[in-house]
Protein chains: 2
Amino acid sequence: MSELAKKKSLTAKDWQEAALNVIAHQGVGAVAVEPLARALGVTKGSFYWHFSNRMDLVKQALKRWRENDNQLIEQNILPIKNPKKRLLAWFKLSAEPIQSHLIYSTLLADRSHAMISKILKEITLERLAHLQKSYKEMGYDNARAKSQSLLAYSVYVGFLHMAKTLYGALPGSTEAEDYAQFVAKQLIPS
Amino acid sequence: MSELAKKKSLTAKDWQEAALNVIAHQGVGAVAVEPLARALGVTKGSFYWHFSNRMDLVKQALKRWRENDNQLIEQNILPIKNPKKRLLAWFKLSAEPIQSHLIYSTLLADRSHAMISKILKEITLERLAHLQKSYKEMGYDNARAKSQSLLAYSVYVGFLHMAKTLYGALPGSTEAEDYAQFVAKQLIPS
DNA sequence: TATTGTCAATACGCTAGCGTATGGATAAGA
DNA sequence: TCTTATCCATACGCTAGCGTATTGACAATA
């Protein structure tokens with residue numbers, strides 16, 4: 001028995017995840033109520049029961065995405081004590097072809113809404129802080145750690161785009177691992 | 001007497017440049033015929049005299065952008081004989097806050113149309129080839145030059161996004177120059 | 001002056017998508 | 001069984017934008 005057949009009715013979560021799927025591949029601008037309803041096999045009567053409007057869905061979906069993403073980092077990266085190893089793990093994780101990164105790489109240039117820009121800025125600042133902390137723990141002074149983390153994060157951002165632009169998709173785990181190793185060698189002093 | 005007052009009627013070029021302005025700040029999806037016509041002080045009767053449809057305008061505008069951009073590179077970067085200096089010049093140029101880079105940084109994540117993806121891929125491959133050539137001239141073997149140029153170009157792409165995301169605009173020439181110096185030190189072996 | 005070409009205004013029809021209003025179905029409790 | 005809450009369908013009005021068709025204004029030119 002399939003998951004779909006089991007379900008009698010939809011939940012807000014179902015809508016959110018459908019929206020995230022669209023965002024990952026076509027961007028926030030492509031999230032439209034009626035097409036989504038069609039894809040889910042219902043009409044928008046259902047949608048407006050769960051959400052007050054289109055933007056409400058987008059907000060909730062992105063909130064869900066951020067929570068998942070933060071969890072990933074908090075569980076897999078932040079606990080690593082050795083800063084060098086922590087950085088390496090971060091590069092490796094960022095190369096993984098998971099939906100979360102797909103969404104991020106789509107959002108990166110989406111300036112269609114002030115809300116999106118705000119979210120992007122917040123996320124970026126958070127992660128820059130993490131990187132900076134790692135570099136400082138490695139003995140860098142403030143200014144150097146800042147420049148270095150900016151560079152490192154640029155590489156991350158650039159990598160997401162390059163992969164999608166060149167291959168139409170994020171790379172497989174194997175190539176990603178190789179690239180992460182190479183980048184780490186460049187950006188983490190030995 | 002203003003430029004505008006001098007003009008009796010619009011040319012295709014006027015429409016293209018107006019479109020590029022929109023693309024730079026809101027993306028291709030925001031290029032709409034009627035709003036553009038309003039902004040130019042005419043009606044769409046004019047538009048459909050110059051272009052066959054909306055996509056026709058987008059294509060022509062992007063073509064104009066690419067030509068300008070290529071010219072910039074061909075005149076300022078490629079003539080530099082010393083590969084190390086050429087790379088440094090490239091980093092400096094890429095940090096300049098000009099419209100061309102604004103457009104690129106907007107296009108980077110715009111997957112709304114297959115045509116856009118195609119253009120992005122072509123540009124990326126072209127420039128990767130330039131970088132790769134420089135690194136090879138510096139004595140790198142094929143594989144190493146490839147990885148290194150991928151990294152360098154990722155930094156470029158990432159830089160554009162970071163600047164826009166964090167500060168809402170590309171940085172001024174002075175900060176850009178500083179950052180370019182720092183990046184060059186990291187990515188160009190001495 | 002008459003003609004032709006260039007650029008723009010006006011007025012259509014058409015579609016997709018937003019949001020609302022209202023009623024129907026179904027399941028859980030009382 | 002009757003009621004209530006939950007979820008969805010239907011039908012509506014509304015708007016923005018695309019593209020077409022037709023006519024008008026004006027300048028250059030013959």
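Order of the sequence lines sets the chain letters (A, B, ...), proteins ahead of strands, with each chain counted from 1.
- Pairs engaging residues 70-81 of chain A under the salt bridge (Lys or Arg N to Asp or Glu O under 4.0 Å) rule: none recorded [sequence neighbours left out].
- Of the listed nucleotides (C:dA9, D:dC7, C:dC7), D:dC7 has the atom at the smallest distance from the side chain of A:Ser9.
- Taking atom CH2 of B:Trp15 as the reference point, atom C1' of C:dC7 lies 11 Å away to the nearest angstrom.
- Dashed line: the shortest gap from a side-chain N or O of B:Arg38 to OP1 or OP2 of D:dA16 is not under 4.0 Å.
- Residues forming a side chain to side chain donor-acceptor pair (under 3.5 Å) with B:Ser149 (at least two apart in sequence, or on another chain): none.
- In this structure, A:Leu120 and A:Leu107 approach most closely via the heavy-atom pair CD1-O, 3.1 Å.
- Between the CG atom of A:Asp14 and the C1' atom of D:dC7 there is a distance of 12 Å, given to the nearest Å.
- Partners of A:Lys92 according to the salt bridge (charged side-chain N to carboxylate O under 4.0 Å, His left out) rule, which considers only residues two or more places apart in sequence or in another chain, are A:Glu177.
- Listed candidates were D:dC8, C:dA9, C:dC7. Nearest to the side chain of B:Thr43 is C:dA9.
- B:Tyr156 pairs by the ring pair (Phe, Tyr, Trp, His ring centres under 6.0 Å) definition with B:Trp90, B:Tyr104, B:Tyr153, not counting sequence neighbours.
- Residues from residues 17-24 of chain B placing a heavy atom under 4.0 Å of any atom in DNA chain C do not occur.
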Under 3.5 Å donor-acceptor pairs involving side-chain atoms of residues 51-59 of chain B, not counting sequence neighbours:
from	atom 1	to	atom 2	distance (Å)
B:Ser52	OG	B:Asp56	OD2	3.4
B:Asn53	OD1	B:Met55	N	3.3
B:Asn53	OD1	B:Asp56	N	2.9
B:Arg54	NE	B:Val31	O	2.7
B:Arg54	NH2	B:Val28	O	3.1
B:Arg54	NH2	B:Val31	O	3.2
B:Asp56	OD1	B:Gln60	NE2	3.3
B:Asp56	OD2	B:Ser52	N	3.0

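- Atom-to-atom, CG of B:Leu10 to C1' of C:dT6 comes out at 12 Å; the value is rounded to the nearest Å.
- The list of salt bridge (Lys or Arg N to Asp or Glu O under 4.0 Å) pairs with a residue in residues 138-155 of chain A, not counting sequence neighbours, is empty.
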Extract from the structure each pairing of a protein N or O with an N or O of nucleotides 18-21 of chain C at less than 3.5 Å, listing the distance.
from	atom 1	to	atom 2	distance (Å)
C:dC18	OP1	A:Val33	N	3.2
C:dC18	OP2	A:Val33	N	2.9
C:dC18	OP2	A:Glu34	N	3.3
C:dC18	N4	A:Lys44	NZ	3.1
C:dG19	OP2	A:Tyr48	OH	3.3
C:dG19	OP2	A:Arg54	N	3.1
C:dG19	N7	A:Lys44	NZ	2.9
C:dG19	O6	A:Lys44	NZ	2.1

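- Applying the side chain to side chain donor-acceptor pair (under 3.5 Å) rule to pairs touching residues 27-46 of chain B yields B:Glu34-B:Lys44, sequence neighbours excluded.
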Please list, pair by pair, any protein nitrogen or oxygen found under 3.5 Å from a nitrogen or oxygen in nucleotides 23-28 of chain D.
none

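- Taking the six-membered ring for Trp and thresholds of 30 and 60 degrees, B:Trp15 and B:Phe47 have ring planes more than 60 degrees apart, a perpendicular arrangement.
- In this model, the phosphate group of D:dT6 is not approached by any side-chain N or O of A:His50 to a distance below 4.0 Å at OP1 or OP2.
- Applying the salt bridge (Lys or Arg N to Asp or Glu O under 4.0 Å) test to every pair with at least one member in residues 123-132 of chain B, sequence neighbours left out, gives these pairs: B:Arg66-B:Glu126, B:Asp69-B:Arg127.
- One interatomic measurement links the two molecules: CH2 of B:Trp49 to C1' of C:dT10, which rounds to 19 Å at whole-angstrom precision.
- Applying the salt bridge (charged side-chain N to carboxylate O under 4.0 Å, His left out) criterion to A:Arg64, with sequence neighbours excluded, gives A:Glu17.
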